[in-house]
Amino acid sequence: MAHAYTPGLKVVPSIRLRRRRLLPIPGEVLVKEGDRVSARDIVAQTKLPGKVHLVNVANRLGIPPDETRRHMLKKEGEEVFANDVLAQNEPWFKFMQTTIPSPVTGSVESISDITGQVMLREPPRLLKLSAYIDGRVVEVMRGSGVVVESEGSFIQGIFGVGGEAHGPITVVVESPGQELLPELLTESVRGQVVVGGAHASWETLQKAKAVGASGIVVGGINDKDLRQLLGYDIGVAVTGQETIGFTLIVTEGFGSITMAEHTFDLLKRRQGHQASISGATQIRAGVLRPEIIVPGVLEGKASDATERGAIQVGDPVRVIREPHFGVIGKVSALPSELTKIATESKVRIMEVSLGTGERIVVPRANVELLER
Amino acid sequence: MSTPPDLNVILATDCGSTTTKAILIEKQGDVYRQTFRGEAPTTVEAPFEDVTCGVLNAITEVEELSGRKILEGSKILTPAKGDIGVDIYVSTSSAGGGLQMMVAGAVKTMTGESAQRCALGAGAIVMDVLASNDGRMDHEKIERIRQLRPDMILLSGGTDGGTVSHVVELAQYISAADPRPRLGQSYRLPLIYAGNKDARDKIKEILEAKTALYIADNLRPTLDRENLMPARHNIHDIFLEHVMAQAPGYPRLMQMTHAPIMPTPAAVGSMLEKFARAKNANALAVDIGGATTDVFSVFQGVFNRTVSANLGMSYSVSNVLAEAGTENIYRWLSFDIEEQDLRNRLKNKMIRPTTVPQTLQDLHIEHAVAREALRLAFIQHKALAVGLKGVHQERTISEAFEQSSTGESLIDMMSLNYILGSGGILAHSPRRVQSMMLMMDAYEPVGVTMMLVDSIFMAPHLGVLAGVHEKAALDVFYHDCLVPLGACIAPSGEGKEGKKAFDYILLLPDGSKKEGSVNCGDVQLLPLEGEAKVLLRPQKGLDFGAGPGNEFSAPVTGGVAGIIFDARGRPLRLSPDTAKRRADLERWARTVDMYPTELL
């Protein structure tokens, strides 16, 4: 296999990137190719089928299912309003009559002669799809969505929680190794994407929600705080649908881990600029990482998004497993032969030089390329 | 039975989610042997979006290693002539998430379970089981069907001639949800109806306009009969015609192969069935991957498969912790580690799934998680591998006193002959004895149980090949695929720690013998690579299969680890006292030479 190492997360000052914006079911595209759009503009919309409600008319009227249709006052396809009488029986005495009101406003979808169930459907709900990023529409997929292209800074996190959000970047710590303390989050960060340092505690995350921060970007969090935040344990890393009051992006991993310096520096350079962020993470096939996109080219020309080749001596890397978890260094040697490590497994390794001059040996599978 | 084709050179691939593996099998004398293998990243996802790129890359590696010219451009050369070409090419696939199904049955523990067994046996991942009595409100069921985007739905319910209302009701829910397929926006979702035949017309009326409807024989024509094969065949056909045809590059791959492409787990299951039949034995197989754990069993000729979709060693590692609970992970560790540290480490493995343990401490943690993942997946398997529920039984008075009920698990550990392990943690353990101990701790086998690992996960290739040439598949399975670890010899029951549990005499083929005894609470390892006979004399209350306290003898086959006598008790209970538990774990590990000594 050509690449034994984990491809790194992208941290790029200026890049041209595209995002596909697709409706879950066919609908209507509201923009055309070449249109300029801003992140909050609606680019497409569709009508989601309304909720279905079942009423067991036969049971409630005490009749055989095949007589249901005969007792219905509303026919299939007919509109109904909440509390309209759907069906009624015909007793000898009027005072013994049972009527069944509609529990919702909508329409009668079906009447079953086998089960005696009547299916009601609420009116459709309008789903509006935003552009997510400032940019230009470069492709329209008729009835299903668009592709928006943008130029700007692009930072991938390792793990996130919560969906798409927007807001200006605000760096509230002095250094990437500093803890994001609750007192650093004041009312002034409402609606902003707050960048912290190495770690955010449970108290900090609670404060972020209380002050209405749009997003929190930190190096690490503790698993127990995440569990408390969500109210359940995440078993498989498929996120993006959570409603925790803000979007959380972790750049390094679980624990207290200094944010990579170039990530921190880039976010600092983009302080005050509007960002589009998403916590959506999916680590199985079709990997999706959380992201921060800050439109606007910083310097020179934006490059196109490209995949890097194999790792080389001199490349900056981050170690992503114990005993050196979180350490950043440069590749100093890439021996090709298999090496026996402490577990007695024979693996391909690399030598990494740290800033202190120390050299450590790490399995190639346990490093991540710092992509810039 | 038809005569198998005359094959000399066979090429097989398995297209996994991340890696496509190719193997070359050649006839050497009368025996088929696996000779070369190659692998390449799977190319179903962007930027390639064509599975055949990865397949061709893996085959190219086989070409380079073997010196055999197999490809002419992207065409496979057949038949084999000298150093050119192969006689047949077969493939399995689990790329793109495999086959994902939703099943529905009228009663959850009856037709619901039959439908589940049917889909799992066909190699599917069952996303949800919908039933009239599944405890969900009607609208919740409809919402769930709408959210899921399965590759196909299997609808069952009712015995032939029985009530139709429940299954019609389920059909109405499906119709109201108007479900969409996972792949391909433009085609209709395939739905197989395999329920009460009297409801067929009504089902057609409700579902024909909204789904691609197929009618199969009832899964449960009567309460006491399960008829899974017709619907399973339908699933395989639809898998090829609809699902595979929508996946990137698969139409081309289907043209390249000389036998239908099988879902990987279906091929593994087929291989295990063939193995159990050939050995006339009961067998259990497990494949523990990064995301899922598949368990297969054949007991008295009855095949069952379950897949625990969220129990695995990387993507799902955190879910093992969530489902097992921290205390169950801790109980396998012989050292101190803060809970927060342990939880963070496992979460970091979840978000960076390709990392490997570099320290012995990390290896111990992975082994602890593996034991729990194996144990939990086995519990799920036992719950589904059961006799039919709801069947009227005539009982004798003694059976009535035994309080046995219908739907009992088919898994009988005492009659289990083989345990086969595969998946990274079992196949690539630095010491083979580690794999053996992990499976022993998780499954707690009793009696005499042979343990093996599939060292390079060739079972899928061989399973699909077995459909064409059973001998070739079994030859390679025995000679190149399975690595015998050894035998676990353990009595059922518990005794007082430190007291003698049993005496043993091992009779070796050269006429020599080894004798000894094992105390309760201990394990003992005897190196043995070949075959022997073991005579066991258990103490009162302990049973090897001939009844408590009765002498028992059986043939036994060793392996790279040897024979492990296990008198720790069944069920295996670890001491509630932390210091004692850790001391026990260290003693057992040292006795079988499980780890390097530095940590112990």
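Side chains are part of it too, since the values below use all heavy atoms of this structure and drop only hydrogens, waters and symmetry mates. Lettering follows sequence order; numbering is per chain, from 1.
In this model, no donor atom of one side chain and acceptor atom of the other lie less than 3.5 Å apart for B/Ser308 and B/Thr293. If you check the side chains of A/Thr105 and A/Glu122, you find no donor sitting under 3.5 Å from an acceptor.
If you measure heavy-atom distances from A/Glu322 to chain B, the contacts under 4.5 Å come from both the backbone and the side chain. With a threshold of 4.5 angstrom between heavy atoms, B/Glu140 does not approach chain A through any atom at all. In this structure, chain A has heavy atoms under 4.5 Å from both the backbone and the side chain of B/Glu169. For a residue to count as touching a neighbouring chain, one of its non-hydrogen atoms must lie under 4.5 Å from one of that chain's; by this rule B/Lys347 touches chain A with backbone and side chain alike. The contact between B/Ile142 and chain A is made entirely by side chain atoms (from C-beta outward), counting heavy-atom distances below 4.5 Å.
Counting heavy-atom pairs closer than 4.5 Å to chain B, the top-ranked of the candidates A/Thr115, A/Val52, A/Asn222, A/Ile341 is A/Asn222. Here B/Arg345 is the residue among B/His428, B/Arg345, B/Glu143 with the most heavy-atom pairs under 4.5 Å with chain A. Top candidate by heavy-atom pairs under 4.5 Å with chain A, chosen from B/Asn57, B/Leu363, B/Leu346, B/Val356, is B/Val356. Of the residues considered (B/Gly290, B/Pro357, B/Ser429), B/Pro357 shows the highest number of contacts with chain A, using heavy-atom pairs under 4.5 Å. For chain A, the option among B/Thr42, B/Asn319, B/Asp362, B/Asn344 with the highest count of heavy-atom pairs below 4.5 Å is B/Asn344.
Between A/Arg19 and A/Glu291 there is a salt bridge, since at least one side-chain N of the basic residue sits less than 4.0 Å from a carboxylate O of the acidic one. Using a cut-off of 4.0 Å between Lys/Arg side-chain N and Asp/Glu carboxylate O, A/Arg69 and A/Glu76 are scored as salt-bridged. Taking a cutoff of 4.0 Å between a charged side-chain nitrogen and a carboxylate oxygen, B/Lys21 and B/Glu39 do not qualify as a salt bridge.
For the pair B/Thr19 (side chain) and B/Pro41 (backbone), a donor-acceptor distance under 3.5 Å is absent.
Other residues, nucleotides and ligands place no more than 12 heavy atoms under 6.0 Å from the NZ atom of A/Lys51.
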